[in-house]
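Written out below as structure tokens is the structure these notes cover.
Residue numbering restarts at 1 for every chain, and letters A, B, ... go by the order of the sequence lines.
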Amino acid sequence: MNTRAIARYNVTDSEAKWQQAWEQADCFAVREDPTRPKYYVLEMFPYPSGRIHMGHVRNYTIGDVIARFKRARGFNVLHPMGWDAFGLPAENAAMAKGVPPGEWTNENIAVMRAQLKGMGLSIDWGREIATCHPEYYRHEQKMFLDFLAAGLAYRRESWVNWDPVDQTVLANEQVIDGRGWRSGAPVEKRKLSQWFFKITAFSDELLSALGTMDRWPEKVRLMQHNWIGRSEGARIRFRLGGRPEFDGDRLEVFTTRPDTLFGASFCALSPHHPLSARLAEGDAELLAFIAECDRLGTSEEAIETAEKKGYDTSVWVEHPFVAGQRLPLYVANFVLMEYGTGAIFGCPGHDQRDLDFARKYALEVVPVVLPPDADAATYELGDEAYLGDGLMINSDFLDGLDVEAAKSAIVERLHEHGDGEPEIQYRLRDWGVSRQRYWGCPIPVIHCPDCGVVPVPEAQLPVLLPDDVAFDQPGNPLVHHPTWKRVDCPACGGAAERETDTFDTFVESSWYFARFCSPRADQALDRAAADYWLPVDQYVGGIEHAVLHLLYSRFFTRALSRCGYLDLDEPFAGLFTQGMICHETYRAPDGKWLAPDQVRRGSGGGVVTLDGQPVTVGRSEKMSKSKANTVDPAQIIETYGADTARWFMLSDSPPDRDMDWTEAGVEGAFRFIQRLWRLVTESLDDLPAGPGNGAPPELDARAHDLRRASHKAIAAVTDDVERFRFNRAVARLYELSNAVADFEAESSAERWALREAFEVLVRLIGPMTPHLAEELWQRLGHQTLLVDEPWPTADAALLVDETVTLAVQVNGKLRATITLPRDAEDDAAQDQALAEPAVQRAMGDRAARKVIIVKNRVVNVVV
RNA sequence: GCGGGUGUGGCGGAAUUGGUAGACGCGCCAGACUCAAAAUCUGGUGACCGCAAGGUCGUGGGGGUUCAAGUCCCUCCACCCGCACCA
């Protein structure tokens, strides 16, 4: 009867209203403006899989907070959105449901666009792009032709990683633990003709620039560093002997340890080395050995357990500096054809693999580097190779030098004799971009039986994907299309065939950030726009692209610059990698995974199925379909609103760490939204009439304290947002709202301070919960949109307290706290500290031997 | 194996960069309102001893430096991530 109805904030209506208001005012449309500082915020664009997931919500919330914050701080902010729209799932859907991939993709885009708009993101939707549209990929085809002309794209036959499930080739970066990054199927080796991008032309640049990218996470830079894998060493040519047909032939070897050459006791070839094949002709035993190596595979377990094995070819090589010393030449299973020259010299003393090998085949082990604490007369090697520094021994003209000096000395001597030279090797391989798929950008070349590979003339671009393809047989539908690939050769006019491979979809995502600068331009990139907006000031996305997309984009930016499209080295000045969203996992009694909405809390506190069956609760893991532990963001937004989802995303967990999604956490966030709304709406009568606040009146002490709290919050939240410490910013905003809630304004000065506090609070939550902030801004009496308001500035004078609380310790143990005027004299602090009863008790009858005073902080009495 | 990271209450996490450990939130407990529940509000909440005042312990384990250590150094342990026969 008397229950007072608690007024509620109608989230759904309010959020729709403000989204419409922003759209009508076209708030987020931007254009180049040389008079204002620009700021380009970009989140990794989504693949249109059908619905947004929690990872998107976190990604776009983080980006949106930054975009809105920078906007309020006066930057001309570019914050676009688009679709990484080519890819295999569209073909799978076509096979499963008979929907054409283009149609499926466009429908998904429509759904996801609406879902993203429901998040209230400050996106300039006028710049939306989808990479599957010819208006986008036609430019990519032109880029390819330019890369081809510049020698940055080429075709060669090579061993490739073949994904038997996706029926396509994968780049090295896309093979994770020997499996396809998307399908998870064990990768097979196949030999195919492939298009490559010459990323290795930039190995050194891509590596050295990492050192200057101070706004990238150390971790990502390190991963790229290791991926590029630069090794300094030498190429050494050994003379082959032992069979007349090899006289005069040389064996080339790469080593990072030329200094250990005098310790060499054998050389070894990869089973795939051309010389191995030659030797195997007429040597059935060697042929069998090579086949055995192939069978072993390259999976990590196989490598882990594989024994070092070799086959003595009975051919030998001559040591370049020791006349008459012959090193036996083996074919060995641990030598990779993909690295260096596919051949090594073995120095067992200073390489563990070589030592294992030497022990197995009873080869000589000669130490050539003497550890600093060892005695040259007695030093011997056991089962562990010595990898450290020291002085050279048993090494002729190198004796007595340290390792570094020995390296230079021997390389110089090798060079003089024409037996070798310094060389730098990289682990990085060129990027294979051919994919045997339909739903990708066609590679614009034509294969002519007479002219060979002929680029499609520019005037004939774009090469459009056909719409009428059938998915009734395995493999690439473009190959099976009745007419598409038939074409006249642009060179000779004869019958020819189009390339049926399409680009790896990482090609589209390697330049989309640049297209956003001029998304409707006739040419690929409008230079003026690109020069104004690029580089991206803040890029936000998942760590899973640490080497894939982020390395390809860095390469592409350089390649585009070399071809005159851009004048830029690095595309992303700042990078932030967010953590993953995790959730508890649930299993039914029969072992099946259960989704969060298939379980509930039972009466006994345990988790049960909806019909009461006991559920096993597993640990929190990354949300994934396979574990069924996903929560649909659309439902969360429908129930609680976008602001609640955003606020929860930002609370508690630092954004770079994994976070747990919990129902309780969402409800807590929702309560805060409601509480803040109530707090403001119920206080309106106590506030001086709005909008805004004039100059501060004469303030009493309480008003002054509140004012100080407001300004401290401004300073802290500004700093926290600037440094991606959103969880701390959230805590600050809770503190301010608690202070406001506890405050009873009694005087007009206090009412003034209360209004200021409210206005500050509403402005500060603006980037995080934009709908609620607009709603409250309006209720505070403003006619303007909060989104157009500048960020508040803190009054520096209000950030320091007049009094401070000092800790008083006795022998380092806290015994009391004392309150003093800021910057009080040390004597005063000491007197007051020693007068504390608790301090006297702790001191007993001992006298202070020393008193350490840190101003405004601590007094430590040492007895 | 190599490289990197993390470890703080029941939980997520703070800690001015060597100066009051546990901000803020979640959860939990108690109380108010209610016939009751929900919602809301108020108070409490690291552990142990104690009626209390108060005290002892406490940031993965062990050791050290310091007037003072979550923070610096050494060492060990656990978990996570990346790379992996790279010559």
Side-chain angles (χ1 to χ4, degrees), chain A residues 1-6 8 176-177 217-220 222-227 229-231 233 253-257 260 268 270 298 300 302-304 306-308 332-336 338-347 350-354 356-357 425-427 543-544 546-547 620 647-648 651-654 656-660 662-669 671-672 674-675 678 716 725 727-738 741 805-818 838 841-842 849-863:
Chain A
M1 206 73 273
N2 296 325
T3 35
R4 188 166 60 107
I6 292 164
R8 279 203 144 206
I176 316 289
D177 289 341
E218 183 63 37
K219 183 184 177 165
V220 175
L222 198 79
M223 280 166 71
Q224 292 206 356
H225 182 99
N226 293 336
W227 189 264
R230 182 180 199 268
S231 297
V253 154
F254 173 75
T255 179
T256 55
R257 293 298 301 274
T260 63
S270 161
T298 50
E300 66 274 44
I303 287 162
E304 194 75 33
E307 211 183 334
K308 306 277 173 288
N333 64 349
F334 65 95
V335 182
L336 303 173
E338 300 86 67
Y339 189 77
T341 61
I344 60 158
F345 83 75
C347 173
H350 307 286
D351 183 287
Q352 192 58 48
R353 289 159 310 186
D354 297 349
D356 295 345
F357 191 81
Q425 277 284 338
Y426 296 90
R427 214 189 72 107
I543 187 75
E544 65 272 18
V547 278
S620 185
W647 185 254
F648 179 50
S651 313
D652 294 353
S653 294
D656 54 338
R657 262 193 243 179
D658 290 353
M659 73 173 281
D660 265 319
T662 62
E663 189 70 15
V666 180
E667 279 167 6
R671 271 202 297 278
F672 174 73
Q674 293 291 344
R675 192 166 79 98
R678 230 179 300 122
R725 300 166 66 151
N727 55 321
R728 256 189 64 156
V730 164
R732 297 295 193 170
L733 291 167
Y734 271 112
E735 280 176 351
L736 182 60
S737 68
N738 289 343
T805 304
L806 282 77
V808 182
Q809 303 172 331
V810 176
N811 287 343
K813 269 194 176 144
L814 182 73
R815 296 296 173 182
T817 57
I818 55 174
R841 208 166 31 233
R849 285 196 290 131
K850 192 155 64 153
V851 179
I852 288 150
I853 298 172
V854 181
K855 219 178 242 325
N856 300 327
R857 200 136 288 167
V858 77
V859 178
N860 189 9
V861 182
V862 186
V863 294

Assigned glycosidic conformation for G9(B) [threshold 90° from 0]: syn
Torsion-based syn/anti label for U34(B), 90° from 0 as limit: anti
Under 4.0 Å protein heavy-atom contact, by nucleotide of nucleotides 42-55 of chain B - B base, S sugar-phosphate only: -------------S
Per-nucleotide protein contact string for nucleotides 14-23 of chain B, where B marks a base within reach and S marks sugar-phosphate only (heavy atoms under 4.0 Å, - for neither): SSB--BB--B
Nearest atoms (heavy-atom pairs only) where Val547(A) meets Met223(A): CG1-O, 3.8 Å
Specify the separation, in whole Å, of atom [atom1] of [X] and atom [atom2] of [N].
{"X": "Trp647(A)", "N": "G12(B)", "atom1": "CH2", "atom2": "P", "answer": "21 Å"}
{"X": "Lys219(A)", "N": "C81(B)", "atom1": "NZ", "atom2": "P", "answer": "9 Å"}
{"X": "Asp658(A)", "N": "C11(B)", "atom1": "CG", "atom2": "P", "answer": "18 Å"}
{"X": "Leu336(A)", "N": "A87(B)", "atom1": "CG", "atom2": "P", "answer": "10 Å"}
{"X": "Leu222(A)", "N": "G5(B)", "atom1": "CG", "atom2": "P", "answer": "8 Å"}
{"X": "Glu667(A)", "N": "G12(B)", "atom1": "CD", "atom2": "C1'", "answer": "16 Å"}
{"X": "Arg353(A)", "N": "C85(B)", "atom1": "CZ", "atom2": "P", "answer": "9 Å"}
{"X": "Glu218(A)", "N": "G5(B)", "atom1": "CD", "atom2": "P", "answer": "8 Å"}

Give [X] one of three labels, base, sugar-phosphate or nothing, depending on what nucleic acid heavy atoms sit under 4.0 Å from its own.
{"X": "Asp354(A)", "answer": "nothing"}
{"X": "Phe254(A)", "answer": "base"}
{"X": "Val851(A)", "answer": "nothing"}

U59(B) versus U20(B) - spacing of their P atoms, nearest Å: 16 Å
Atom P, compared across A15(B) and G22(B): separation rounded to whole Å: 13 Å
Side-chain heavy atoms of Val862(A) within contact of Arg849(A), under 4.5 Å: yes
Partner lookup for [N], please. Criteria are Watson-Crick or G-U wobble with both distances under 3.5 angstrom; report none if nothing qualifies.
{"N": "C57(B)", "result": "G46(B)"}
{"N": "G1(B)", "result": "C83(B)"}
{"N": "C33(B)", "result": "none"}

Parallel, tilted or perpendicular, as decided by the 30° and 60° cut-offs, for the rings of Phe672(A) and Trp647(A): parallel
Just N and O in the side chain of [X]: are any of them under 4.0 Å from OP1 or OP2 of [N]?
{"X": "Thr662(A)", "N": "C26(B)", "answer": "no"}
{"X": "Arg675(A)", "N": "A39(B)", "answer": "no"}
{"X": "Arg257(A)", "N": "C86(B)", "answer": "no"}

Nearest-nucleotide comparison on RNA chain B, the residue closer to the 5′ end among Asp660(A) and Gly342(A): Asp660(A)
